[in-house]
Amino acid sequence: MERVLGIGGHFLRAADPAALTAWYRDCLGLDIDDHGLWHQQAGPTVFAAFESGTDYFGSRTQQTMLNFRVRDLDAMLAQLRAAEADVAEETQDMDGVGRFGWVTDPEGNRIELWQPA
């Protein structure tokens, strides 16, 4: 059986694609080229389905949520707050899994940030 090798991309609709791309580059540090190619560090990726009524993604109209692995969650959240990003106040610790925080991008997409354990 053939199997997928990993996540090949994540695509977002945006009212202003250039501005949203700049936000991801400037606020989250995505080092992407002119074609959107980003060479990420190796590490775990979670694939999970949630109940359709979940509030975990923020708005119920958001069908998927992007999760980025980070080295230092507190430093990333401080960086985002300094950039006046819409950062959730709460964080979550999950034994054996790591720490989580959330930010909403300028187009209203909630993003999860994960510092693995």
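Keep in mind the model is a prediction, meaning the values are calculated, not measured.
Using modelled atom types, one side-chain atom of E107 and one backbone atom of A15 make a donor-acceptor pair closer than 3.5 Å. When atom types are taken as modelled, the side chain of R69 and the backbone of P116 share no donor-acceptor pair closer than 3.5 angstrom. Under a 3.5 Å cut-off, the side chain of Q79 and the backbone N or O of C27 do form a donor-acceptor pair. Checking side-chain atoms of D55 against main-chain N and O of G58 turns up no donor-acceptor pair under 3.5 Å. The closest donor-acceptor contact from the side chain of Q115 to the backbone of R99 lies at 3.5 Å or more, if one exists at all. Looking only at distances, a side-chain donor or acceptor of R60 sits under 3.5 Å from a matching main-chain atom of G53. No donor-acceptor pair under 3.5 Å is formed between the side chain of W23 and the backbone N or O of A18.
In the hydrophobic cluster analysis, where Ile, Leu, Val, Met, Phe, Trp and Tyr join through side-chain heavy atoms closer than 4.5 angstrom, F57 is grouped together with M94. Using a 4.5 Å cut-off between side-chain heavy atoms of Ile, Leu, Val, Met, Phe, Trp and Tyr, with links allowed through other members, W102 and L66 fall into different hydrophobic clusters. M76 and M65 fall into different hydrophobic clusters, where Ile, Leu, Val, Met, Phe, Trp and Tyr side chains are chained together by heavy-atom contacts under 4.5 Å. Hydrophobic clustering (ILVMFWY, side-chain heavy atoms < 4.5 Å, transitive): V70 and V103 are in one cluster.
Applying the side-chain hydrogen bond (donor to acceptor under 3.5 Å, both in side chains) test to every pair with at least one member in residues 26-42, sequence neighbours left out, gives no pairs at all.
Under the 30°/60° scheme for interplanar angles, the aromatic rings of F50 and Y56 are found to lie parallel.
Counting heavy-atom neighbours within 6.0 Å of E90 CD, excluding the residue itself, gives a total above 12. Within a 6.0 Å radius of CD1 in I7, other residues, nucleotides and ligands contribute 12 heavy atoms or fewer.
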Discussion item. Could you walk me through whether L80 and L113 satisfy the side-chain contact (heavy atoms from CB on, under 4.5 Å) test, starting with their C-alpha distance in whole Å, then the side-chain angles of each, then the deciding distance to 0.1 Å, before giving a yes or no?
Written reply: CA-CA 11 Å; L80 289 164; L113 303 170; 3.7 Å; yes
Discussion item. Applying side-chain contact (heavy atoms from CB on, under 4.5 Å) to I111 and F68, what does each step give before you reach the verdict?
Written reply: CA-CA 8 Å; I111 300 161; F68 287 114; 3.6 Å; yes
Discussion item. Run N109 and T64 through side-chain contact (heavy atoms from CB on, under 4.5 Å) and show every step you take.
Written reply: CA-CA 9 Å; N109 301 296; T64 65; over 6 Å; no
Worksheet item: For W114 and V97, what are the C-alpha separation, side-chain angles and deciding distance, and is it a side-chain contact (heavy atoms from CB on, under 4.5 Å)?
Response: CA-CA 9 Å; W114 172 32; V97 177; 4.0 Å; yes
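Atom CZ of residue R25 and atom CG of residue L20 lie 11.0 Å apart, to the nearest 0.5 angstrom. Put simply, OG1 on T45 and CG on N67 are 8.5 Å apart, with the number rounded to the nearest 0.5 Å.
Salt bridge status for R110 with D105: absent, with no side-chain N to carboxylate O gap under 4.0 Å.
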